[in-house]
Structures are given as C-alpha cells and as structure tokens.
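What follows is a set of notes on a single structure, which appears directly below.
Just so we're on the same page: letters track the sequence lines, and every chain starts at 1. Since the structure is predicted, the reported quantities are computational estimates derived from the model, not experimental observations.
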Amino acid sequence: MVSTVWQNPVLLIVVPLGLAFFTPIIGLIRKELVKYIPILGMLFNLTLSLFLLPKVLDNPIIVSLSGWKPPFAINLFVGPVGILFSILISLVGLLTAIYGINYIKKGAVEKYHMLFLLLLTGATGIVLTGDIFNLFVFFEILCISSYALVAYNQDKNGIEAATKYLIQGSLGSAFILLGIGFLYGLFGTLNMADIARNITTVDSPALFIAMALFITGFGVEAAIFPLNAWLPDAHSSAPSTISAILSGIAIHIGIYAIFRVLYTLFGFNSIFTVLAVIGIVTLLIGEMSAFRQENIKRVLAYSSMGQMGLIIFALSIGTVDGISGGLFQIITHTLSKSLLFLCVGYMVYSTNSMELSSLNGLGKRMPLISLLFTIGVFSLIGLPPFIGFPSKLSIILAGLKTGETLFLILIVLMLLATVIEGVYFFRIIQILYFKEPDKEERFKTPFTLLFPVIILGLLIVAIGIYPGLLQEILDRSAEIFWDKLSYIKIVFGG
Amino acid sequence: MIFITLLIIIMLIGAIVSCILKDLLSAVIVGGAVSLIAAILFYYLQAPDVAMAEASIGAALTTAIFVFAINKTKRLEENEENN
Amino acid sequence: MKKIISFVLLVIIFIGIYFAVSQIPYGKDKMSVSKHYLNNGVKENGASNIVTSVVLNYRGFDTLGELTILFIGAIGLGVVLFGFETKGKDIKSPSLILNAGSTFLFPFILLFGIYIFIHGHLSPGGGFQGGAVIASGFLISYLGYPKKRISEKGIHIVESLGGTLFILIGLLGLLLGGYFLSNILPKGTVNTLVSGGIIPLLYVLIGIKVGAELAGIIYKLME
C-alpha cells in the first residue's frame, strides 16, 4: 500500500482525465491556453511514472479503488510492465503534444486537444488495470477517441478511412464483450486474478471459444493478418501527429491486451504456435506491400503492420527471453515510428503532397529533419549503433534458444523480411539525398517542431549505444509478466 | 412462456428484415421496434434498470438520431452494381 | 459468391457461441461475488437499490469510464461536423397537435427525468436513465418548435462542470478516506431520501451531465 497521496498510481489515470474534462471551461476563458493542457497532463504522468519505477521493480503495487478488497471491487495492478508502458506513453504523448502546438491550426482545435489527452488516458488505463471489464472500458475510450481523431482533417479520404475503422473496430469490441460475458458466466467474477485462480476447475471447449473471441476482438486493434484492412487508410489519412500516436501507441496496446489475457488468464498452451506463424505471415505481407507504394505515409503504415507481426512473433515464443525481446522491440518501434511520422509530417506540410517524387532532394533543403529521418530508418532496419540492433538481436537469440525447427524456419523468414525492408527504405533515402530538388531555398523549421524530433533521435542513439541499462529492467519485467502464480499471490496477499 | 417465444421470433425476423429493406427510413423504424422488444425481454428477466435504459436510449433517442441523419443524406439505398 | 461465404462464416460463429453458452451453469453456486453483493450490499452502503450501490460504489471506476465515453461521443460529433452546413430537406412547420402537445408535455417529462435520478438509490433508475428521459423531453420540445435553439455554450459548461465535479469528489475521497471514490459522507437510515453517503450526489451530477450531452448531440444534428 502507498504512503502519501501524491504517490498513488491512481493519479496517473485521474489527473489527465480531470484536465480533459476541465478544458472547455478554460477554452471559454482564454482560447490560447488550450494548447498547453496536454503538455501539463503528460508532464505530470511522466514524472510520476519515473518516480514509481524503482519501487515497482521490487514488488508490484496493488491499489484497490473504493476501499473494498480485491475480488469484490476493482483493483489496479501496477507492475513493471505497466509502468514501463506508462513511461513510454507519457514520453511520446508529451513530445507529440509539443509538436502539435504549431502543427494543428485549422478545424476544431480545442476539441483536438481534448480528444488527444483522452486517448492517452485510455491507453494508460489499459496497462495499469487488473480487472477485465475495466480493461474493456478503457479500450473503448482509446478506440472511440481514435475514430474521431482520424477524421479530423474533414477531407474525403479521412472520413472514408475513419468510417472503415469505426465499423471494424465496433465489431471487434462486440466480440470482446461476448468473450467477457462467457468468462463471467463460467466463473462468476470479473477480477483477472480470481479468474486465473479458478481456471483449472473448468476444463471445457468453452474456454477455447472465449480465447478465440478475445484474440479476434483485440486483434482488430492490434492489426493481425486477416483483420488489418483498416490500417493503411487510417494511418495515412490522419494528421501526422495522430499517425504518430496511432502507430506508436494504440496498436501496441492491442498487442499488450492480447498477451495479458493469454499469459495471465489462460496460461501457456498450444495457441502460441499458431500466433507465431500468423505473426511472421503478417510481417511478410506488410513488408512486401510496403515495397510497392508511392505515397510516403502509406509506406510507413504498411511498415507498422509488418513490425506488429514481428512483435507478435517475439511475444509468442513463450519464454522469458522472448517476452523481454518483444518488449524491447515495442520500445524500438514506438520511438522510431513516431520519429519517422513527425519528420514526414513536416515534409508533407512544406511540399504539400504525399507522393514519393515530391521528396526529391529534401536532404539539402531541410538537413536536420532529413538526418533524423535517416536515423529513424536505420534503427527500424536494425543497423548497429541504433536501438533496433540490440532489440532484433535479442529476438533472434530467444528464438534460437528454444531449439525447435519451426522457430528456425520462422527466423529465416524474418531475416528475409528485414532485407526487403532495407531495400525500400534505402530507396527513399536515395530520393532524399541523391536526387536534384525542384527549388533551391532552405526551409526554416520552427523550434517547437524541431525539439521533439531531436529528443527522440538522441534517445534512439543513447539506448542503442548502451542497452545494458534497459536490458535489466526488461528482464525483470518479463519475469513478472510471465509468472502467473506470483500474480495471483500478489493480488490476494499471499 | 409462449408469449416470450413469440416475442423472440418477432425480434429475429425484425433484425433480418431491417438488413434487407431498401428504404432506409423503414429499416430504422424496424430497428427501433427490435430495441423495444429487447427492453420488454429485459423486464421479464427481472432487470428494471437495464430495461429503462434500453427503452429510453435504444428505442427513442437512437431512432431520432438515425432519422436526422437520413434527412441529411439520402433515403433509398442504391442497388450495388459492382461488388 | 461473397454472400455464400459470409453466410457460412455466420453459421460457424453461431454454432460456436451456442456451444459455449450451453456449457455455462446457470444459477448454480459459482456466483460468490454476486452473493456477497446481495447479502452485504445494503449494510455496507446504505442505499436500498443494490444495482446503484454496485454501479457507483463497488465498480465506480467503470462508471467514470462510461461517462468519459459519452463525453468523447459528443466531442467527436463536434469535430467531424465542424463548420458543416448541409442543406437538408426543409422541415415542414409543425401541426397544431404537435405544437400544443409539446408545450404541454415538456415540463412533465423534465420533472419525470429529475425524479428518476434523484430517487436513484431507492427505486430502479439512476443517472443514465434520468438523463436520457430529459434528453427526449428536449427532443419533443424541438419537434414542436423547430426555430428555437438552446445556447451551445451553456451545454458545454454543464457537461464540463459535471465531469470535473465527479472527479473532484473522487479525489476528496482519496484525501480523506485513503481510496479513490470511497464513501465519506454518513450513511443515514435506509430508505430515506438522504442516505447512502455520496451516492445521491453522484447520481445528480451524472443525470444532469448525461441529459445535457444527449440534448447537445440532438441539437448538433438538427442544424
């Protein structure tokens, strides 16, 4: 239990929510102050999460809301994986909010900032909760805010992409609700630790159907192979800050939800082999489709789809090393993909078109942004001094350690996909640096647009050169995530 | 018991009919009727709070919002020529 | 061709769900959590409607989440329809029955809605239901007088104040009671109007907020 009020992890969810509710009144007093509210909320979250991280690595904190004991009320399970995700969400949210001060100028600006803050609150709520219906409620907050934000530009592409996303996302949510209904009918409780404790008393194919419903429902948000038809349109027609948040945070949260349900509720079983194969199939389809696109944001969207397949493959290896590798790849992808989308946002804004041919020679006209774009690309491919190299290496080592031939074949396919990825990204870098530009003047980038991308670039380089510090945090988090019995013991007090 | 079975059958037929009809206004009204029958069934299952919420939101407000949306777009669904 | 594939998939899903539903033991002794709520709900909370005590006290955090989802719905509509002037077909001026009827019914519907959410902890009902009834009152008054508008600023202020006060009451519970949304006011005697701690207060806030939000959605679509 926690000592003082200001260190209570509930504040990680409640304070941004309260700020988001209070925004219309601030907007009526002075309109210019609304831009700074998400920055305030995310700064508070980042400070509190960094402060809680050393405490949580030893033993996770249980916070019960409304004062009643765990199976009868909702509780939050604040473990190292949760705090790690919360640090990532608040960091990327803070930098994107700083970028968004000068980037969002037309449309309903005040409502954009409210929805932005609510999306990040929903994501933080999912990773910190210990109750399955609470997970569904926060998942709905995340999904509905992202439907509204994809349609922000009000042009024809945006609204069509948002409608497709909305219909598929609503079907996914309906499946999740059916799964939760089955679990409640079979076990009589909605607390994740309580269900995990009683899972062996019911041994029937009904559990298999509930698991299938959960994977399908969360898989729509996580963009697994047959369910990802919405992803290329939605991520390329949204404004660039929202593409950065969707590719960097929202789809990772879908994967977290799937694996939290699979590891903690259902335990380790043979569905993981199927998920590993689906992961590699998604990776190959994503990379091969990205190869033929002509629109820079669609290239990045298909690359996100491919990387999701890689993360699913890493997390379904089923050992502690696999989970550690998967978490490291999540951090890599979040930092790199947000960096890429923020740089591309400024490029698209200055040249007013999204075609690859309009990027001719931008290396000479905006040198700093092109350099940071190159850093992002190299770290996604996995070249040595950047963060992508230790993360992909740890996934390959974890796969080889299991010793099964199926994983050996899948790792060979993963390396093939990395080669394809390298080819199309090098083609883009060649267009940036080695083609002749149309005009000769250099662009002056405003400071609020440069500052976030420089911080992301520095983080990528720093963690890439010295990954040891992060590695021990990740190993400890993976141990706690994998261990179902210690989860039950911590919630119910031994 | 037979009354409830009759209501469930009407609800299922109504749901299928509202997907097939071409006139969107009729489809919306049939959808409102399905919500109303669901509210009656909730009352039979001894859940009055849920029945009140479903009747007021599902049968009244949702139908009204759909009718406003149809007023602003078009009323008859087109035939699909290309799949 | 597509229709055949989708029909086959629907049949597979139907068989799966039917099989899973038939395995659930209805009414047997597994429901330990619900038994605890039924036995101790009135004693621990002071509200005689057990559904209310579950919604606002045991699982109050989910209620906060649902309020947020309604809020996002109203704002999302504002984002997509920003500055949009469509030429819908002109609404005919209402007939005499609609005009006179809506003038007569509007205050009664409003009173009924306020009654539902004030007595939420004593009889079936509560904040969401009361708010929806209030919004349908506004709907019928709009159908009777299509030219009258309610100020949008007022609706935004009411929505935002309702949400902020809910969170402030929760934080007050954190400071004084040690847990978010714990019951800090005295419980009173059962079955009277002032009983159940903070539950009636929260329901009044929820009722006003939901009513304002749904009325705001209807007005936004009418223009």
Side-chain heavy-atom pair [X], [Y] within 4.5 angstrom cut-off:
X: F71(C); Y: L118(A); value: yes
X: H156(C); Y: L28(A); value: no
X: V15(A); Y: L171(C); value: no
X: Y147(A); Y: V80(C); value: no
X: V33(C); Y: N191(A); value: no
X: V79(C); Y: Y112(A); value: no

Next item on the list: Would you please go through residues 129-145 of chain A and name the residues with a non-hydrogen atom below 4.5 Å from one of chain C, in numerical order?
Entry: D131(A), F133(A), N134(A), V137(A), F138(A), E140(A), I141(A), I144(A), S145(A)
Max heavy-atom pair count under 4.5 Å with chain A, selected residue of [options]:
options: G78(C), G16(C), A20(C); value: A20(C)
options: D62(C), I69(C), I157(C), I167(C); value: D62(C)
options: S160(C), S22(C), S34(C), G163(C); value: S160(C)

Rounded to the nearest 0.5 Å, what's the gap from [atom1] on [X] to [atom2] on [Y]? Could you check?
X: Q154(A); Y: L81(C); atom1: CD; atom2: CG; answer: 8.0 Å
X: I75(C); Y: T23(A); atom1: CD1; atom2: OG1; answer: 8.0 Å
X: Y58(C); Y: F72(A); atom1: OH; atom2: CZ; answer: 9.0 Å

Under 4.5 Å from any heavy atom of chain A, what part of [X] do you find: side chain, backbone, both or neither?
X: F166(C); value: neither
X: E159(C); value: neither
X: I13(C); value: side chain
X: V21(C); value: both

Checklist line | Heavy-atom pair of closest approach, residues K209(C) and F21(A) | finding: NZ-CE2, 3.9 Å
Can you tell me which portion of [X] sits under 4.5 Å from chain C's heavy atoms? Options are side chain, backbone, both or neither.
X: I209(A); value: side chain
X: A210(A); value: neither
X: L213(A); value: neither
X: L190(A); value: side chain
X: L17(A); value: both

Notebook entry, point to check: Which of the residues G181(A), A108(A), G158(A) is involved in the greatest number of heavy-atom pairs with chain C at under 4.5 angstrom?
Noted result: A108(A)
Check: Looking at N198(A), I25(A), L19(A), which makes the most heavy-atom pairs under 4.5 Å with chain C?
Finding: I25(A)
Item checked: Partner residues of E160(A) under the salt bridge (Lys or Arg N to Asp or Glu O under 4.0 Å) criterion, sequence neighbours left out ->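 Once residues adjacent in sequence are excluded, the partners of E160(A) under the salt bridge (Lys or Arg N to Asp or Glu O under 4.0 Å) criterion are K156(A).
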Checklist line | Steps toward side chain to side chain contact (heavy atoms under 4.5 Å, CB included) verdict (L11(A), L174(C)) | finding: CA-CA 10 Å; L11(A) 291 178; L174(C) 181 63; 4.3 Å; yes
